[in-house]
Amino acid sequence: MVESNTESRHPAADGLHLQPAGQILSALLDAQIGALAGVKPALPAIEKAAELGADALARGGRMGYAGAGSSGLMALADSLELAGTFGLPPERTPMMFAGGADALLHMKGAAEDDPRLAVADLDASGLQAGDVVLILTASGRTPYALTIAQEARARGITVVGFANVDGTPLLDMSDIAVLLQTGAEIVAGSTRMGAATAQKVALNMLSVLVGIRLGHVHDGYMVNLVADNAKLVDRATRIVSNLASVPLPVAEAALTATQGAVKPAILVAQGMDPERAAAELERTGGHLQPLLA
């Protein structure tokens, strides 16, 4: 078997167990920072993936996530955050994790080797032709990820493959290949470290660009959130106040009129009634800019 460079020995690993704690931590941090250099060359692929994901979601479709182990956890974190950050319904960003919910508490490696589980998870995801799926695996060889990629392409789903090793099967079979070449880990093969850090950063950027393209980010604010707890009510009030240029009490009243929805509340705070605000946002596809200009 060809040795993956995530399994190779890192130069800083020699004698690591003998070093003082501070020196160990410094080496680990430097390795994490170094791994991020692997994200920069992938920016064009990340951009293309984000544009396709945003297009699918704008049409009423889905942008799914899939992965196993540490890579799956990075995918899961991003998929779960989209509801709170951008107001996307969870069923529009389904997650396929090798082993399912049980594996989140007790991860077992065997689950990622069973192609039947992958097909069942894809069937349950609701993904169909015209949708996009983001598939993550550090090695680029995980059977679970490869099965989903193969089946998804056969169903007309656009496959975006993320891997940390060049020339691997997942990248070869992806419509968009996102290579995050992070190299050897200080703890050889522990891809929860540099590889996962790069994956997390890449997904952060991809999903924020998706949110911007959908009109869910305006001047750096999360304008598509719905305030349903005290923290979010406070955040939403400040967002409405700042973007509508109104005092906080006016912003609070506008949010009450829109049941906590920020986008229409901004327009209500500027003088629209809630019904017209909703109609105008429907007309602009959810984008505030044409209505605030």
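The structure displayed is predicted, hence computed values, not measured ones. Along the sequence shown, residues are numbered consecutively beginning with 1.
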Under the 3.5 angstrom rule, does the side chain of Lys263 hit a backbone N or O of Gly215 as a donor-acceptor pair? yes
Look at the side chain of Asp175 and the backbone N and O of Thr158, then say whether any donor-acceptor pair between them is shorter than 3.5 Å. no
Quick check for you: to the nearest 0.5 Å, what is the distance between Ile176 atom CD1 and Phe162 atom CZ? 9.0 Å
Check the hydrophobic clustering (I, L, V, M, F, W, Y; side-chain heavy atoms under 4.5 Å; chains of links allowed) and say if Leu76 and Leu82 are grouped together. yes
Salt bridge (Lys or Arg N to Asp or Glu O under 4.0 Å): which pairs involve residues 154-163, sequence neighbours left out? Asp123-Arg155, Glu151-Arg155
Residue pairs, two or more places apart or on separate chains, that pass side chain to side chain donor-acceptor pair (under 3.5 Å) and touch residues 85-95: none
Answer yes if Leu209 and Leu180 sit in the same cluster of Ile, Leu, Val, Met, Phe, Trp and Tyr residues linked by side chain heavy atoms under 4.5 Å apart, and no otherwise. no
Could you tell me whether a side-chain N or O of Asp131 sits under 3.5 Å from a main-chain N or O of Ile157, the two making a donor and an acceptor? no
Under the 4.5 Å side-chain heavy-atom rule for ILVMFWY, direct or indirect, which residues accompany Leu29? Ile33
Rounded to the nearest 0.5 Å, the CG atom of Leu288 sits from the CD1 atom of Ile266 at a distance of 5.0 Å
Got a salt bridge between Asp55 and Arg59, using NZ or NE/NH1/NH2 to carboxylate O under 4.0 Å? no
Starting at NE2 of His218, measure out to CG of Leu291 and round the result to the nearest 0.5 Å. 10.0 Å
Here the pair of heavy atoms bringing Ala66 nearest to Ile148 is CB-CD1, 3.8 Å
Co-members of Val246 in a cluster of I, L, V, M, F, W and Y side chains, linked at under 4.5 Å: Val250
Say you draw a straight line from OG1 of Thr191 to CG of Leu136; how long is it, rounded to the nearest 0.5 Å? 11.0 Å
Taking every heavy atom of Leu52 against every heavy atom of Val132, the minimum-distance pair comes out as O-CG2, 3.7 Å
Return the set of residues passing side-chain hydrogen bond (donor to acceptor under 3.5 Å, both in side chains) with Ser207 (not counting sequence neighbours), or none when no residue passes. Asp78
Using a 4.5 Å cut-off between side-chain heavy atoms of Ile, Leu, Val, Met, Phe, Trp and Tyr, which other residues end up in the same hydrophobic cluster as Leu248? none
Quick check: closest heavy atoms across Val268 and Ala257, and the distance to 0.1 Å? CG1-CB, 4.5 Å
Between the side chain of Ser125 and the main-chain N/O of Leu122, is any donor-acceptor distance below 3.5 Å? yes
For Asn242, check side-chain hydrogen bond (donor to acceptor under 3.5 Å, both in side chains) against everything at least two apart and list the hits. Tyr221
When you check the side-chain N and O atoms of Gln199 and Asn164, is any donor under 3.5 Å from an acceptor? yes
Just wondering, are more than 12 heavy atoms of other shown residues or ligands nearer than 6.0 Å to CD in Gln150? no
Side chains of Arg192 and Glu185 in contact at under 4.5 Å (non-hydrogen atoms): no
Can you give me the closest heavy-atom contact between Ala195 and Ala138, atom names plus distance? CB-CB, 4.1 Å
Between Leu80 and Leu134, is there a shared hydrophobic cluster once you connect ILVMFWY residues whose side-chain heavy atoms come closer than 4.5 Å? yes
Listed by chain and number, what are the side-chain hydrogen bond (donor to acceptor under 3.5 Å, both in side chains) partners of Asp172, not counting sequence neighbours? none
Check: residues 36-51 side-chain donor-acceptor pairs under 3.5 Å, at least two apart:
residue	atom	partner	partner atom	Å
Glu51	OE1	Arg213	NE	3.1
Glu51	OE2	Arg213	NE	3.0
Glu51	OE2	Arg213	NH2	3.2

Residue pairs involving residues 269-287 (criterion salt bridge (Lys or Arg N to Asp or Glu O under 4.0 Å); sequence neighbours excluded): Glu280-Arg283
Point-to-point distance, once rounded to the nearest 0.5 Å, from OG of Ser79 to CE of Met63: 9.0 Å
If the test is side chain to side chain contact (heavy atoms under 4.5 Å, CB included), which one of Asp219, Leu267, Val262 qualifies with Leu243? Asp219
What's the shortest heavy-atom distance between Gly140 and Pro169, and which atoms? O-CD, 3.4 Å
Is the backbone N or O of Arg141 less than 3.5 Å from a side-chain atom of Ser139, with the two atoms forming a donor-acceptor pair by type? yes
Sequence neighbours left out, what passes side-chain hydrogen bond (donor to acceptor under 3.5 Å, both in side chains) with Arg235? Give chain and number order. none
Using the side-chain contact (heavy atoms from CB on, under 4.5 Å) rule, take Gln32 and Met193 through it: C-alpha gap first, then chi angles, then the decisive distance, then the call. CA-CA 7 Å; Gln32 296 281 289; Met193 302 174 71; 3.4 Å; yes
Mind running side-chain contact (heavy atoms from CB on, under 4.5 Å) on Phe97 and Asp121 for me, showing each step along the way? CA-CA 8 Å; Phe97 188 86; Asp121 288 348; over 6 Å; no
May I ask whether Leu214 and Val208 are part of the same hydrophobic cluster, defined by side-chain heavy atoms of I, L, V, M, F, W, Y residues being less than 4.5 angstrom apart, directly or through others? yes
Under the 4.5 Å side-chain heavy-atom rule for ILVMFWY, direct or indirect, which residues accompany Leu179? Leu171
Examine Val223 and Val226 and state if one hydrophobic cluster contains both, with Ile, Leu, Val, Met, Phe, Trp and Tyr joined whenever side-chain heavy atoms are less than 4.5 Å apart. no
All heavy atoms of Ala261 vs all of Leu255, minimum pair found to be O-CD2, 3.9 Å
State the CE-CG distance between Met95 and Leu73, to the nearest 0.5 angstrom. 8.0 Å
